[in-house]
Amino acid sequence: MAPELLGATLRVDSADGAVAVRLTEVEAYEGLDDPASHAFRGVTRRTAVMFGPPGHLYVYFSYGMHWCANVVCQPEGIAGAVLLRAAEVTEGLELAQRRRAGARAERDLARGPARLTKALGLAGPDDGADLLDPAGYVRLSVGDVEPEVHNSRRVGVNVATDRPWRFWVPGAPSVSPYRAGRPRPSSPP
DNA sequence: TCGCTGATCATCT
DNA sequence: GATGATCAGCGAA
């Protein structure tokens, strides 16, 4: 499922205009069998969307300042989502650049999960949005499947790093570099 | 170019 | 009260 999202287009309409991106990098997360997943401990307030019907948006807040977006990809009752790690802006370039003021290069606009949500204007209120509703303000259209897809270990997690569930389009300039998870040292007494 | 650090809070124990 | 699916900025090489 996750590789099929590569090359897909995600479009977000807002009061300021529309921004569309082509996904170039994703990461898969399972449910009860995946210790790196938010859904590992079962249904909670935050992960309820992951157990819901597929095609919905799962947005969560992390590190006190970043939003990250997922697409639910498993039938209702089974947790499973795909983290959107990187993309290339194909529409609404100026709006995306305004939101990402400070980004030096165009390819940096959506290079990384938090940057991606910022460029698209996604945040907490968008959690649970239906991506398959033709009349919705956020829509996911799976277009041409990428002919070549690479996969490897996931980024930024400290457990189950051996699962090769990170997928990307080789050669895409927006693919983020691999970085191992960095555990934070325990706080002083 | 590479590697390390601080910022900052919703969610869960 | 601890933690984290991160990013930007800084200093060293």
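Just so we're on the same page: letters track the sequence lines, and every chain starts at 1.
Rounding to whole angstrom units, CG of residue A/Asn158 and C1' of C/dT6 are separated by 13 Å. Between A/Glu25 atom CD and C/dA5 atom P there is a gap of 16 Å when expressed in whole angstrom units. Taking atom CZ of A/Phe61 as the reference point, atom C1' of B/dC9 lies 6 Å away to the nearest angstrom. Atom NE2 of A/His66 and atom C1' of C/dT3 are 15 Å apart (whole Å). Atom OH in A/Tyr60 sits roughly 15 Å away from atom C1' in B/dC12 (whole-Å rounding). Taking atom CG on A/Asp127 and atom P on B/dA10, their separation rounds to 14 Å, with Å as the unit. The nearest whole Å value for the distance from the CE atom in A/Met65 to the P atom in B/dT5 is 16 Å. Rounding to whole angstrom units, NZ of residue A/Lys118 and P of C/dT6 are separated by 16 Å.
Lacking a ring centre under 5.5 Å from that of the base six-membered ring together with a plane angle below 30°, A/Tyr63 does not count as stacked on B/dA7.
Of the candidates B/dA7, C/dA5, C/dC7, the closest approach to any side-chain atom of A/Val157 belongs to C/dA5. Of the listed nucleotides (B/dT11, C/dC7, C/dA5), C/dA5 has the atom at the smallest distance from the side chain of A/Leu83.
Where pairing requires Watson-Crick or G-U contacts shorter than 3.5 Å, the helical stems of DNA chain C with at least three consecutive pairs are B:1-7 with C:6-12, B:9-12 with C:1-4.
Residues A/Tyr29 and A/Asp34 approach most closely at CA-OD2, 3.6 Å, considering heavy atoms.
Remark: A/Asp33 does not engage A/Arg163 in a salt bridge, criterion side-chain N to carboxylate O under 4.0 Å. Salt-bridge check for A/Arg154 with A/Glu27: failed, with every basic side-chain N at 4.0 Å or more from each acidic carboxylate O. Between A/Arg107 and A/Glu88 there is no salt bridge, since no side-chain nitrogen of the basic residue lies less than 4.0 Å from a carboxylate oxygen of the acidic one.
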- Task: Could you walk me through whether A/Glu91 and A/Arg11 pass the side chain to side chain contact (heavy atoms under 4.5 Å, CB included) test, one step at a time?
- Result: CA-CA 8 Å; A/Glu91 192 181 316; A/Arg11 187 185 316 274; 2.4 Å; yes

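Counting only heavy atoms from C-beta outward, the side chains of A/Tyr60 and A/Arg46 approach each other to under 4.5 Å.
Remark: A/Arg100 is not in phosphate contact with C/dC7, judged by side-chain N or O atoms under 4.0 Å from OP1 or OP2.
Remark: A/Arg41, A/Thr44, A/Arg45 in residues 31-45 of chain A come within less than 4.0 Å of DNA chain B through at least one heavy atom.
The line from CG of A/Asp126 to CG of A/Leu131 is 10.0 Å long, rounded to the nearest 0.5 Å.
Residues A/Ser174 and A/Thr24 have side chains that bring a donor and an acceptor to within less than 3.5 angstrom of each other.
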Please set out all donor-acceptor pairs under 3.5 angstrom arising from side-chain atoms of residues 65-78 of chain A, sequence neighbours excluded.
unit_1: A/Asn70; atom_1: ND2; unit_2: A/Tyr58; atom_2: O; d: 3.3

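Residue contacts shown for A/Arg154 are absent, as no nucleic acid heavy atom lies under 4.0 Å away.
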